[in-house]
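Written below as structure tokens is the structure these notes are about.
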Amino acid sequence: GFEVVAEASGKEVTVGPDETIAQALGRIGIRVQMSCEQGVCGTCMCTVLEGIPDHRDSYQTDEEKAENDQIAVCCSRALTPRLVLDI
Ligand code: FES
């Protein structure tokens, strides 16, 4: 797992291997707007303040993914032990 800090909400949660970031955030009462839940539509994009996402979506271009400043929380994970999101 990895830690996700929801900076604007002042909360953090550990994302387990069998859940998505969105599900983990939901457990601590943070609801993210979602639609496709498959990394296609971009509805669930969140701003990344710290850490490097493991992008699993097909919404962002490769260039956008390389900037590591947005993450699709319905499907993407983390390459760093901790991600700080502006949510
Ligand atoms: Fe569609 Fe995450 S809900 S990309």
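Both ligands and their constituent atoms are indexed starting at 1 by order of listing. Below, each value reflects all heavy atoms present in this structure, side chains not excepted, and no hydrogens, waters or symmetry copies.
- Note on atom 2 (Fe) of ligand 1: protein N, O or S atoms under 2.8 Å away count 2, no waters included.
- Between Q33 and T43, the side chains place no donor N or O within less than 3.5 Å of an acceptor N or O (distance only, hydrogens not considered).
- Under the salt bridge (charged side-chain N to carboxylate O under 4.0 Å, His left out) criterion, no residue pair touches residues 59-70, with sequence neighbours excluded.
- Within the structure, every pair that satisfies the salt bridge (charged side-chain N to carboxylate O under 4.0 Å, His left out) test and touches residues 75-87, not counting sequence neighbours, is listed here: E50-R82.
- E7 contributes atom CD, which lies 9.5 Å from atom CG of L85 (distance to the nearest 0.5 angstrom).
- When each of C41, C44, C75 is checked for a side chain to side chain contact (heavy atoms under 4.5 Å, CB included) with D57, only C75 meets the rule.
- Sorted by first and then second residue, the salt bridge (charged side-chain N to carboxylate O under 4.0 Å, His left out) pairs with a member in residues 12-38 read E19-R27; sequence neighbours excluded.
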